[in-house]
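Take a look at the structure below.
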Number of protein chains: 2
Amino acid sequence: MIKRAHVRQFLAVVDAGSFTQAAARIRVTQPALSSGIAELEKLVGTPLFIRNRRQIRLTEAGGRFLPIARDLERGFRAADDFGRERDRQATELKLGVIRSVSGEFLQAVVTALRPSFAMELIENSESQLRASLGSGRINMALLPLRPGERGDEVVPLYEEPLAMFIAADHPLAGRIEVGPEELAAETMIARRSCEFLDATSRFFTRHGVRPRFALRSESDERCLRMVAAGIGITTAPVSLAIEGIVPLKVAGYDFRRELGLIVDPAWAALPDVDPRLAHARDTVTAIAADWRRTRVDAAG
Amino acid sequence: MIKRAHVRQFLAVVDAGSFTQAAARIRVTQPALSSGIAELEKLVGTPLFIRNRRQIRLTEAGGRFLPIARDLERGFRAADDFGRERDRQATELKLGVIRSVSGEFLQAVVTALRPSFAMELIENSESQLRASLGSGRINMALLPLRPGERGDEVVPLYEEPLAMFIAADHPLAGRIEVGPEELAAETMIARRSCEFLDATSRFFTRHGVRPRFALRSESDERCLRMVAAGIGITTAPVSLAIEGIVPLKVAGYDFRRELGLIVDPAWAALPDVDPRLAHARDTVTAIAADWRRTRVDAAG
DNA sequence: GCTTAATCATAGATTTTGCTTATGCTAAAT
DNA sequence: ATTTAGCATAAGCAAAATCTATGATTAAGC
């Protein structure tokens, strides 16, 4: 008979993308989790994960099992919260966000947190947000992690490459890869919120390309719609893709960013973590995992 | 942290209406269940049951917790069935019913079983159904239990008194209790499917009342609508009540019937019960428990 | 091409959980 | 008053889950 522990372990692996990290997340050792998953796979009579080196992926059956498991965990969350309903909505959650996080992703996160928290969003630069975290002015923040950044208060969400986006009807659409010099004639669009704006600029200068700009905007959505409209091309994390634009690989241009959730260090350090904030963290993690599967892994 | 075992135990008590019977149902001893419930009540921080002698009732909090628990159990059922989906809908369930079971109740039962089984209903008399059970022609049957009837294959669902129903605008409506002789002038309606038809007839004869009949019908629904229409009065189990009629207590008339589910004895005897039929049994039990709470306990 | 590092699986020891039997307690029925 | 029915409590025990330690496999680095 399937138990709650099985469900938790399954979801932890889905959300962490690795047995080792998942084990740490739910505070058990990796062997315990291995055997738990093995047991669950025996119970449902089919493998749920494909264990490749470096990446754990769901099998087809695992994909079908996922919504059932999510549903159960949601139900248990409701049951666990039962009786604590008096402080419902009392807790305010201050969430920091950088501008270049996908609006769609952020919408999903806020929608999921809304019933349990009085949400306040703080939009700011990465460095400002990190400072705010240190001073306790915000509870958690969605921002790009520094390469290899890890720790108790760091929850890696997903890593994705930056791509050069061009209109779907652009002459270069369909090419596997182009050299930077082939883009010399292109008009660019600058997403001013991009963390890699300077680096990208330097990359092209280094290859002798000095691009013209058709638009500089703080709004990712506007920039990408203008790409779809064909007035120029721009770089962006692949998960920001919208209808009508396609990614194009540029030789030598391989920036990646890892989005993560960083929680108030003072809070993360506590041995007995506040269950409500843990709930918030887990919710974000779960949504990010689904997002990664449908948007990032799919885009490559 | 609340676990599946807690949920199962909670629902078993709700459905059985007693710790002892609930324990038997889920195959644990009564102390094990007591401590499980105590643990759950500690986890949610409030009592869920009122332990009166002779009856276990849900507290207000318990009532709010019930849908959460039902939801979880449904979810687990889906998870357990995962991977066994090939024999989905293959199993045919032959359910016997007597005519005097509430149509609304039966509708709820069939609706709940429909997704998992190819249902076949066999409507027949109690004695015929018992014979069919013995010969394995039906899998289970909804019928009135004989007084005190118990056993492995017997699942008591709810007990309810028979009442004399009169139109809501009848002169006697509002009276607490009347003597049988006060009904001498009344026109009666005979629900021919009623197991207590003969006994009722004898009851009135014994008190010197020889009633006139305005209708004899196999259809409970028609009989009760005719009571509401005012052409006569009739006796029926209280859960059959509809809009426009009210129950009236008649001195000395206190028949009760206990509705139960009896399963194929050959099947119930097996040590390792077929999970799909166990599922069917549990579904019926759960619906009956809710029915009892809203219809029978409410009506007194 | 060999070594190192990372990650999941397996084995055996240990702790924890949940169950059982036995018994006590309380309210209702006789 | 005594018996009966039903839930709570206690102590002992068995099974399940976890932990530590180790092995196997693969990717990456020198």
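Being a predicted model, the structure only gives us computed values, none of them experimental. Atoms considered below: every heavy atom in the structure, side chains included; atoms not considered: hydrogens, waters and symmetry mates. Chain A is the first sequence line, chain B the second, and so forth, proteins listed ahead of strands; every chain is numbered from 1.
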Contacts of A:Phe76 that satisfy ring pair (Phe, Tyr, Trp, His ring centres under 6.0 Å) - sequence neighbours left out: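 With sequence neighbours excluded, A:Phe76 shows a ring pair (Phe, Tyr, Trp, His ring centres under 6.0 Å) to B:Phe76, given in chain and number order.
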Counterpart residues, ring pair (Phe, Tyr, Trp, His ring centres under 6.0 Å), relative to A:Phe19 (two or more places apart):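 Counting only residues at least two positions away or on another chain, A:Phe19 forms no ring pair (Phe, Tyr, Trp, His ring centres under 6.0 Å).
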What's the [atom1]-[atom2] distance between [X] and [N], to the nearest Å?
X       : N     : atom1 : atom2 : value
B:Leu48 : D:dA8 : CG    : C1'   : 17 Å
A:Lys42 : C:dA9 : NZ    : P     : 15 Å
B:Ile50 : D:dG6 : CD1   : C1'   : 17 Å
A:Gln55 : C:dC8 : CD    : P     : 11 Å
B:Asn52 : D:dA5 : CG    : P     : 19 Å
A:Ile56 : C:dA6 : CD1   : C1'   : 12 Å
A:Phe19 : C:dA9 : CZ    : C1'   : 10 Å
B:Arg57 : D:dC7 : CZ    : C1'   : 18 Å

Listed partners of A:Glu126 passing side-chain hydrogen bond (donor to acceptor under 3.5 Å, both in side chains), at least two apart: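 Counting only residues at least two positions away or on another chain, A:Glu126 forms a side-chain hydrogen bond (donor to acceptor under 3.5 Å, both in side chains) with A:Arg130.
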Listed once per pair and sorted, the side chain to side chain donor-acceptor pair (under 3.5 Å) pairs that draw on residues 1-20 of chain A, sequence neighbours left out: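 Every side chain to side chain donor-acceptor pair (under 3.5 Å) pair that includes a residue of residues 1-20 of chain A, provided the two are not neighbours, is A:Arg4-A:Glu73, A:Arg4-A:Asp80, A:His6-A:Glu39, A:Asp15-A:Arg70.
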Per-nucleotide protein contact string for nucleotides 16-30 of chain C, where B marks a base within reach and S marks sugar-phosphate only (heavy atoms under 4.0 Å, - for neither): -SS-BBB---BSS--
OP1 or OP2 of D:dA8 under 4.0 Å from side-chain N/O of B:Arg51: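 Indeed, a polar side-chain atom of B:Arg51 lies that close.
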D:dG6 OP1/OP2 closer than 4.0 Å to side-chain N/O of B:Thr20: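 False: B:Thr20 side-chain N/O out of range (4.0 Å or more) of D:dG6 OP1/OP2.
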Test log, rule side-chain contact (heavy atoms from CB on, under 4.5 Å), inputs A:Leu145 and A:Val154: CA-CA 8 Å; A:Leu145 301 182; A:Val154 177; 3.7 Å; yes
Those residues that, when tested against A:Arg57, pass salt bridge (charged side-chain N to carboxylate O under 4.0 Å, His left out) (two or more places apart):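 Not a single residue meets the salt bridge (charged side-chain N to carboxylate O under 4.0 Å, His left out) criterion with A:Arg57.
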